[in-house]
Structure formats: structure tokens, C-alpha cells
*Asks:* 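Dropping the structure in here first, questions after.
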Amino acid sequence: MTNTDDYLWFQEDFPDLASAYCITLVHDLPPEELLHRLGGRAEPPRTGAASLVEAWYEAEYQPELTRTLFGMTVIGSWTLMIEPGGWHGVSEAKALPASAGTRWISHCDIGYANSDGTFLWAENGETHLHFELRNSECCELCRSGTRADDCVDVMRRLGFATPEDATPEDEERVIPAAFALAEHLTDVRLTPELFRSTTFVCGSAEV
């Protein structure tokens with residue numbers, strides 16, 4: 001059974017990425033096709049998530065940032081996409097068309113943009129579940145999508161609390177909980193070693 005504690009490593013081991021990230025898993029769509037669907041262009045490969053963050057910082061501090069970088073790798077029948085400082089994965093304008101014929105699971109937290117964080121489950125151009133990580137509240141007003149009720153029990157077990165039950169600890173655990181919910185929906189277990197040592201196929205796309 002997937003647990004939030006299984007993903008405490010993300011913020012502990014990769015704090016720079018955790019401060020502004022988007023993680024996306026796409027089923028049966030190779031990196032080259034994912035790049036094409038996002039209207040992107042190929043970039044030099046990078047080894048390790050820290051290298052992706054370093055490349056993003058190099059671009060972020062340029063005077064005119066018009067593109068964001070992402071790294072991709074294949075895990076079984078899924079493609080993992082990591083965007084330091086990006087949000088393509090949870091942008092319905094980009095993700096819904098790109099999810100044609102596939103399942104698309106993404107979560108994002110952009111701390112510098114005063115974001116509440118976002119979780120998106122889409123399939124074949126349709127939003128099944130969308131909510132803000134820090135405002136999930138497990139209620140109809142705070143969740144949207146055609147299958148918004150499917151994961152309520154799992155969300156509560158993972159720590160997405162209702163407002164009256166929320167604690168400061170819940171705030172600290174929303175990102176690990178988002179990873180755990182993504183695993184629940186994909187059966188893909190992400191690990192520190194994967195983030196640390198994978199050589200990622202890279203691309204960039206317009207913001």
C-alpha cells in the first residue's frame with residue numbers, strides 16, 4: 001500500500017527541486033512524442049535531477065526567460081517528466097491536448113509564485129481530477145473533474161485533511177502525499193536513486 005512517508009526523501013534529498021517543481025507521469029507515450037505534443041525542442045541530456053535544476057537556474061536568471069526545461073525518462077510503460085520551476089504538466093491548456101489516448105498524472109508546487117500547488121489527473125483530453133494541494137479539503141467545492149470522487153478515501157488516508165482537521169504537519173506533508181497519490185494512480189514507485197543517477201532525455205518548451 002502506498003504511503004506518504006515513502007516520499008519524505010524528496011524534500012530532504014532534493015530541496016532545490018522541491019522548492020519549485022512539476023512531476024508528470026504519462027502512460028505509453030515515449031519522451032520524443034511527449035516532447036512533440038508539448039511543442040518542444042530537444043536539448044542536451046542531463047544526468048541527475050540536480051543537473052536539471054542547475055540548467056533551469058542558468059536559464060531562470062537570464063533577462064528574458066521564454067522557455068522552461070524538462071527531463072524525461074522511461075519507467076516501464078510510463079514516461080516520467082521532471083520540470084524544475086515549470087508547470088506544463090498541470091496546465092490544462094497544455095496537458096489536456098497532450099493527454100489524447102493516454103493517462104496523464106501530474107503534480108506541481110511553484111513556491112516562488114505563491115502557489116498552493118496543483119494535482120491533475122487527465123485522460124484522453126478530459127480532466128478526471130483537479131485540486132490544489134494546500135486547499136484540497138476533500139470536499140466537492142475544492143475538487144473538480146469527471147472522477148473527482150474516486151480518490152477521496154485515498155486522499156484522506158494519505159493526509160489531505162479537511163480544514164477542521166488540518167495541522168501544521170499536514171502542510172509539510174502535502175508534497176509527499178501528492179507523490180503517493182500519483183503512485184496510487186500509476187503503480188509507479190519513484191525513488192531517490194532514480195532522481196540521482198538517471199540520464200534524462202531533455203527538452204524545452206515555451207512558457
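Source: prediction; values computed, not measured.
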*Asks:* Check the pair Asp150, Trp121 against side-chain contact (heavy atoms from CB on, under 4.5 Å), reporting the backbone distance first and the verdict last.
*Replies:* CA-CA 11 Å; Asp150 286 15; Trp121 164 19; 4.3 Å; yes

*Asks:* Between the side chain of Glu83 and the main-chain N/O of His88, is any donor-acceptor distance below 3.5 Å?
*Replies:* yes

*Asks:* Just one of Leu25, Thr2, Leu158 clears the side chain to side chain contact (heavy atoms under 4.5 Å, CB included) bar with Glu183, so which one?
*Replies:* Thr2

*Asks:* Would you give the length of the straight line joining atom CD of Glu126 to atom NE2 of His128, rounded to the nearest 0.5 angstrom?
*Replies:* 5.5 Å

*Asks:* Could you go step by step and tell me if Leu35 and Val201 meet the side-chain contact (heavy atoms from CB on, under 4.5 Å) rule?
*Replies:* CA-CA 10 Å; Leu35 180 63; Val201 176; over 6 Å; no

*Asks:* Can you name the closest pair of heavy atoms from Ser197 and Thr47 and give their distance?
*Replies:* O-CG2, 3.7 Å

*Asks:* Check this for me: Glu92, atom CD, are more than 12 non-hydrogen atoms of other residues, nucleotides or ligands nearer than 6.0 Å?
*Replies:*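 More than 12 heavy atoms, drawn from other residues, nucleotides or ligands, come within 6.0 Å of this atom.
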
*Asks:* Looking only at atom types and distance, does a side-chain atom of Trp104 sit under 3.5 Å from a main-chain N or O of Leu120, one as donor and one as acceptor?
*Replies:* no

*Asks:* I'd like to know if the side chain of Ser91 and the backbone of Trp87 have a donor-acceptor N/O pair within less than 3.5 Å.
*Replies:*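 Not a single qualifying donor-acceptor pair exists.
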
*Asks:* Under a 4.5 Å cut-off applied to non-hydrogen side-chain atoms, are Leu80 and Leu194 in contact?
*Replies:*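 Side chain of Leu80 against side chain of Leu194, heavy atoms only: contact under 4.5 Å found.
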
*Asks:* Please report the interatomic distance CZ(Phe70) to CG(Leu52), rounded to the nearest 0.5 Å.
*Replies:* 11.0 Å

*Asks:* Grab the two heavy atoms, one from Pro45 and one from Thr199, that are nearest each other, plus how far apart they are.
*Replies:* CB-CG2, 4.1 Å

*Asks:* Treating Arg143 as the side-chain partner and Ala148 as the backbone partner, does any N or O pair qualify as donor plus acceptor under 3.5 Å?
*Replies:* yes

*Asks:* Say whether, by atom type as modelled, one donor and one acceptor occur between the side chain of Tyr7 and the main chain of Leu190 under 3.5 angstrom.
*Replies:*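 Yes, Tyr7 side chain to Leu190 backbone: donor-acceptor pair under 3.5 Å.
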
*Asks:* Distance from Ile105 atom CD1 to Leu129 atom CG, nearest 0.5 Å?
*Replies:* 8.0 Å

*Asks:* Does Ser106 reach the main-chain N or O of Ile23 with its side chain, forming a donor-acceptor pair under 3.5 Å?
*Replies:* yes

*Asks:* Begin with the C-alpha distance, continue with both residues' side-chain angles, and end with the deciding distance and a verdict on side-chain contact (heavy atoms from CB on, under 4.5 Å) for Arg196 and Asp13.
*Replies:* CA-CA 9 Å; Arg196 190 173 292 115; Asp13 294 358; 3.5 Å; yes

*Asks:* For Thr102 and His27, indicate whether the former's side chain and the latter's backbone hold a donor-acceptor pair under 3.5 Å.
*Replies:* yes

*Asks:* To the nearest 0.5 Å, tell me how far Thr198 OG1 sits from Met72 CE.
*Replies:*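 Those atoms lie 13.5 Å apart.
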
*Asks:* State, to 0.1 Å, how close Ile110 and Gly86 come at their nearest heavy-atom pair, and which atoms those are.
*Replies:*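 Taking Ile110 first and Gly86 second, the nearest heavy atoms are CD1-O, 3.2 Å.
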
*Asks:* To the nearest 0.5 Å, what is the distance between CZ on Arg46 and SG on Cys202?
*Replies:*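 So the gap between those two atoms works out to 7.0 Å.
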
*Asks:* Please lay out, stage by stage, how Phe14 and Tyr21 fare under the test ring pair (Phe, Tyr, Trp, His ring centres under 6.0 Å).
*Replies:* CA-CA 10 Å; Phe14 303 94; Tyr21 81 92; over 10 Å; no

*Asks:* Check Val174 against Leu133 and note the closest heavy-atom contact, atom names and distance.
*Replies:* CG1-O, 3.7 Å

*Asks:* Do Val74 and Phe200 belong together in a cluster built from hydrophobic side chains that touch within less than 4.5 Å?
*Replies:*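 No, Val74 does not connect to Phe200 through the hydrophobic network.
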
*Asks:* Of the non-hydrogen atoms in Ala18 and Ile175, which two are nearest, and what is the gap between them?
*Replies:*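 Where Ala18 meets Ile175 most closely, the heavy atoms are O-CD1, 4.1 Å.
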
*Asks:* So does Ala100 get a backbone contact from the side chain of Arg37, meaning a donor-acceptor N/O pair under 3.5 Å?
*Replies:*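 Pair found, side chain donor or acceptor close to backbone of Ala100.
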
*Asks:* With a 3.5 Å distance limit and no angle check, can you tell me whether Thr79 reaches the backbone of Leu29 through a side-chain donor-acceptor pair?
*Replies:* yes

*Asks:* Taking Ser99 for its side chain and Gly125 for its backbone only, find out whether a donor-acceptor pair lies under 3.5 Å.
*Replies:*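 It does hold such a pair.
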
*Asks:* Could you state the interatomic distance from CG (Asp16) to CD (Gln11), rounded to the nearest 0.5 Å?
*Replies:*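 Those atoms lie 12.5 Å apart.
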
*Asks:* Is any side-chain heavy atom of Asp28 closer than 4.5 Å to a side-chain heavy atom of Arg103?
*Replies:*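 A side-chain contact is absent here, since even the closest heavy-atom pair is not under 4.5 Å.
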
*Asks:* Which label fits Phe179 and Phe195: parallel for a plane angle under 30°, tilted from 30 to 60°, or perpendicular past 60°?
*Replies:*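 Because their plane-to-plane angle lies in the 30° to 60° range, the rings of Phe179 and Phe195 count as tilted.
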
*Asks:* Is Leu185 linked to Phe160 within one hydrophobic cluster, defined over Ile, Leu, Val, Met, Phe, Trp and Tyr using a side-chain heavy-atom separation of less than 4.5 Å?
*Replies:*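 Linked, Leu185 and Phe160 end up in one cluster.
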
*Asks:* May I have the step-by-step check of side-chain contact (heavy atoms from CB on, under 4.5 Å) for Leu17 and Ile82, ending in yes or no?
*Replies:* CA-CA 9 Å; Leu17 178 59; Ile82 301 176; 4.0 Å; yes

*Asks:* Under a 4.0 Å threshold between the charged nitrogen and the carboxylate oxygen, would Arg173 count as salt-bridged to Asp5?
*Replies:*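 Between Arg173 and Asp5 there is a salt bridge, with a charged N closer than 4.0 Å to a carboxylate O.
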
